[in-house]
Structures are given as C-alpha cells and as structure tokens.
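Each chain gets a letter, A, B and so on, in the order its sequence line appears, and its residues count up from 1. Below, all heavy atoms of this structure are taken into account, side chains as well, without hydrogens, waters or symmetry copies. Quick caveat: nothing in here was measured; it's all calculated off a predicted structure.
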Protein chains: 2
Amino acid sequence: MTEVKSRAERKEHTRQKLLDVTLKLIGQRSLASISLREVARDAGIVPTAFYRHFESMDALGVELVDESMRPLRQMIRDARRGVASHGDIIKGTVEVLGIQVRQNPDQFRFLSRERYGGVRSVRRAIETELRLFTSELSVDLARLTAGFDWTSDDLEMTADLMVAAMLASVMDLLEVDARHPGDERAILERSEKQLRLIALGMAGWRSKP
Amino acid sequence: MTEVKSRAERKEHTRQKLLDVTLKLIGQRSLASISLREVARDAGIVPTAFYRHFESMDALGVELVDESMRPLRQMIRDARRGVASHGDIIKGTVEVLGIQVRQNPDQFRFLSRERYGGVRSVRRAIETELRLFTSELSVDLARLTAGFDWTSDDLEMTADLMVAAMLASVMDLLEVDARHPGDERAILERSEKQLRLIALGMAGWRSKP
DNA sequence: GAGTTCGGTGTACAGCTGTTCACTGGAACT
DNA sequence: AGTTCCAGTGAACAGCTGTACACCGAACTC
C-alpha cells in the first residue's frame, strides 16, 4: 500500500493522475477532442478541481510535452552508452529506439499526434524540444566527422534527416502494435538500413564552404 | 456570373462547398475538433442538410483525403516532366515540391494534420495513398538503378526514406508561412541537400540478396 | 489550540453538440 | 399536366461542454 500524507504530496499525486489519464486518452483520440470534464472524471475528481492544477487543457498539453520527452532524452543517453559498449552505432541506436517505443507507446503517440495536429502552443513546445534533440545529434555527428571539415550547417542538415527518418519509423511502429510482432522487426530493420544509407552518403559528402 | 441550373449541379456545388469549408477550418484546428454544425453553417446550409451529402464528418474526412491527394499526384507528374526537360532530377523535384505546397497549403496541412492525429479511417486513407506514392517513387528509382541489381525491398526502403524526408520538409514549409520568405528557400535548399545525401548513399549501396 | 490555507465538492447556467422528424418547394420524370 | 423525387428547412430532443460561485474539511502555520 502506498501511504500518502502531506498535502503537497496529495496534490502532486492527483496532478500526475491528470497527466496520466490524458496520456491514456490520447491513445485513441487527439488532444483537441478530449474534454476537461472527461479527464477530471477519469482522474476521479470533480471538473472544477481541475483548475487547481492547470488553467486549461492546453496548458496541461504543454506540460505533457515535457513529460513525454523524457523517454526521448533517455533514448539519447542509452544510445550513447550503447555506442561505447556495443561498437555498431547504428544497430545500437535502432535497438534503443525500438525498446523505448515499446516501453512508452503513449508518450510517443502523444508526440506524433500533436506535433502537427493540435494546438499551436503544444505544437511549438514539441518542435522546440525536437530541435534540441536534433542539435544534440549533430553534436555527436560532429565528433564522428572530426577532421573532415563539415560545416555546422551540413551537420544540422544531416541530423535533421536522421531524426526525420527515425521519427517516421517511430510512427510506423506505433501503427502496427496490434498486428504480428514480425512487423516490428521489419520496420526496425528498414530503419537500420535507412540510417546506414545516410551514413554511406556522409562518407561521400564534401561540405562546400 | 456562374449560372447553376440542374439539380445535380446544385448538389455537387454545395457538396464541394462543404469540402472547401472543412479544408479552410482545418487550417486552424484538427478535424476532430470541427463540428458538423460549424461546417454546415459556414457552407450556408442547415445542419440536417449535411446528411444529404455525407453520413458523418468522418466520411467527409475520407473524401477529403482523395481531394487533397490530387496536388501530390500532380507533383509526381510535374516532377517526371521536369526530369525530362530540366536534367537535374533532385533540383527539379524540390522545386516542384515548393510550388505545390505554396499553391495548396490547406490540402497539405490537412494531410499532415490528420496523418497521425485524427480518426482511424482518415488516417488509414492517408496512409494508403502515401504508400501508393512511395511505390510510384520506387518504380522511378528502379529505372535509375537499372543494372545495379537492387532488390525491390531496398528500392522500397530508399523511396520510403525519401518520402519521409520530403514530407518533413513539407511540414516545415507549412509552419513558416507567416515569417520571412527567406525561410522557405532555406528549407528547400536543406531538403535538396538531404536528397542529394541520400543519392550519394545510393551510389555506394550494395543490395544484399 | 486557534486561525489560515487550499484541494476538492456540488449546484447551476448558458451554449454548443449530433440526430430525429415532419415539412416544403421546385426541378425532373412520365 | 400530374406525379414523384429530393436538397434544403425548422423545431425539438437529450446530452455534453467550460466555467462561475459558495462551500467544506483536513492539512498546515503560528
């Protein structure tokens, strides 16, 4: 049994429940079509109590972006650790990607649903975080291309392409969950090939100053 | 003045108006958050008359996919014609992409919004059309790689990567409309570089049987 | 121990939603 | 000319929505 005592703890608890419940609901519909009352109901509180935590559903959505980005950030860390131990960067990265998506489907679904689909504020929050993700990756790429005088612009461009490719795979992964697990492997293998193709392109690339 | 006479013509006219109005509304919000009454109101029709044309908003959405795919199909044709005359495939393709997005922003916005965001039936309709688009592209790629014994699987994989890259650019293009037109050029140039990077990768690729 | 803070409650209201039903008036068919 | 068809009407419905308001009672502060 989890004993809850302090008022602040209780508040944090229901706040988290509101976020969790919304994430669950996002699994089937878009944020814009989820009502404040519905979220409150599923969280076991009265509608008006919702305002004790967020001033609107949009505000909750923005908070949810932070929450959902955590698995993505974890992904970077895992992937970097994987590089050190595993050897094959690409294989390791794709493996980590598959694991994270399988472990946090709701978070990834939320991000892909609302990235272009929803309210402006949520969209911008996601785009900002994703840009951060891309520039982190381009830092890693800079390390790999050290000595080949890549411009930072070309590094960004390449990182952007890789992120686009990986996100497309993520979305494909999310669409097949009900079907055979074989599809998952197929998608991950294709993703690996795509990244390998890009890496091959990088080998032949010459930055123009 | 456009004179309308026949009953069938009148019906087709309001039907088209319903589709147009919905497309306009999608510019700001997602399909799921647009109400039947709102669409009917903007089309100058009483809510119940809506059912004379579509059995639900979801059904209208599926029709809208067809409607919105037309610019994309046009894009393929233009791009192919551009290849014949222009010489540089990639430059021509990206040019066509920029033009089509600028000319049909609402259609592209609808597709990107609802591709992952909305109702299952609409999502599936878009995914189906996009798969068609990808396989068309892989046919073109097959022609370009003739003699290098690429497997059809690898052709699909590459086409998929290219489509993902181009769609990501489309979405970026849609997000900047209010800002300076310089951003548009920057996005298109990055897109061109990305496709060139992939092409470079293709040159070094060896299909494994 | 008295007083304050504050998550959560319950009621209430105006406004919107999808869908029903019986209807109308003019084009289309015979 | 008489009849049928049918896109569009208008009123009515039950149900949902966000939000305002006064209130409670337990955890906190002093």
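Residue A:Leu23 holds its CG atom at 9.0 Å from CD1 of A:Ile34, rounded to the nearest 0.5 Å.
Counting to the nearest Å, the P atom of C:dC16 and the CD atom of B:Glu38 are 10 Å from each other. At whole-Å resolution of the value, CZ in B:Arg10 and C1' in D:dC5 are 16 Å apart. In this structure, CD1 of A:Ile34 is placed 12 Å from P of D:dT17, rounded to the nearest angstrom. Separating the CZ atom of B:Phe50 from the P atom of D:dG8 is a distance of 12 Å, rounded to the nearest angstrom. Straight-line distance from the CD atom of A:Glu55 to the P atom of D:dA20: 11 Å, rounded to whole Å. Whole-Å rounding puts the A:Ile45 CD1 to D:dT19 P distance at 14 Å. The distance between atom CZ of B:Arg52 and atom C1' of D:dC5, rounded to the nearest whole Å, is 11 Å. Following rounding to the nearest Å, B:Glu9 (CD) and D:dC6 (C1') show an atom-to-atom distance of 16 Å.
Closest to the side chain of B:Leu36, from the set D:dG18, D:dT9, C:dT19, is C:dT19.
Around the CZ atom of A:Arg73, the shell of radius 6.0 Å holds more than 12 heavy atoms that belong to other residues, nucleotides or ligands.
In the interface, the side chain of A:Thr48 is paired with the base of C:dG10 through a donor and an acceptor atom under 3.5 Å apart. Taking only distance into account, the side chain of A:Ser56 never meets the base of D:dG18 through a donor-acceptor pair shorter than 3.5 Å.
Contact annotation: B:His13 side-chain N/O to D:dA7 OP1/OP2 distance is not under 4.0 Å. Phosphate proximity of D:dG25 to A:Arg7: absent, as no side-chain N or O sits under 4.0 Å from OP1 or OP2.
When all heavy atoms of B:Glu156 and B:Ser135 are compared, the pair lying nearest together is OE2-CB, 3.8 Å.
Comparing B:Arg37 and B:Lys11 against DNA chain D, the residue whose closest nucleotide sits nearer the 5' end is B:Lys11. When the nearest nucleotides of DNA chain D are assigned to B:Val46 and A:Ala8 by heavy-atom distance, the more 5′-ward of the two goes with B:Val46.
Heavy atoms of A:Arg41 sit under 4.0 angstrom from primed sugar atoms or phosphate atoms, though from no base atom. B:Thr14 comes within contact range of the sugar-phosphate backbone alone, with a heavy-atom separation under 4.0 Å but no base atom that close.
Just one residue in the list A:Asp154, A:Asp160, A:Asp153 forms a salt bridge (Lys or Arg N to Asp or Glu O under 4.0 Å) with B:Arg190, and that residue is A:Asp160.
With salt bridges taken as basic N to acidic carboxylate O contacts below 4.0 Å, none links B:Lys17 and B:Asp20.
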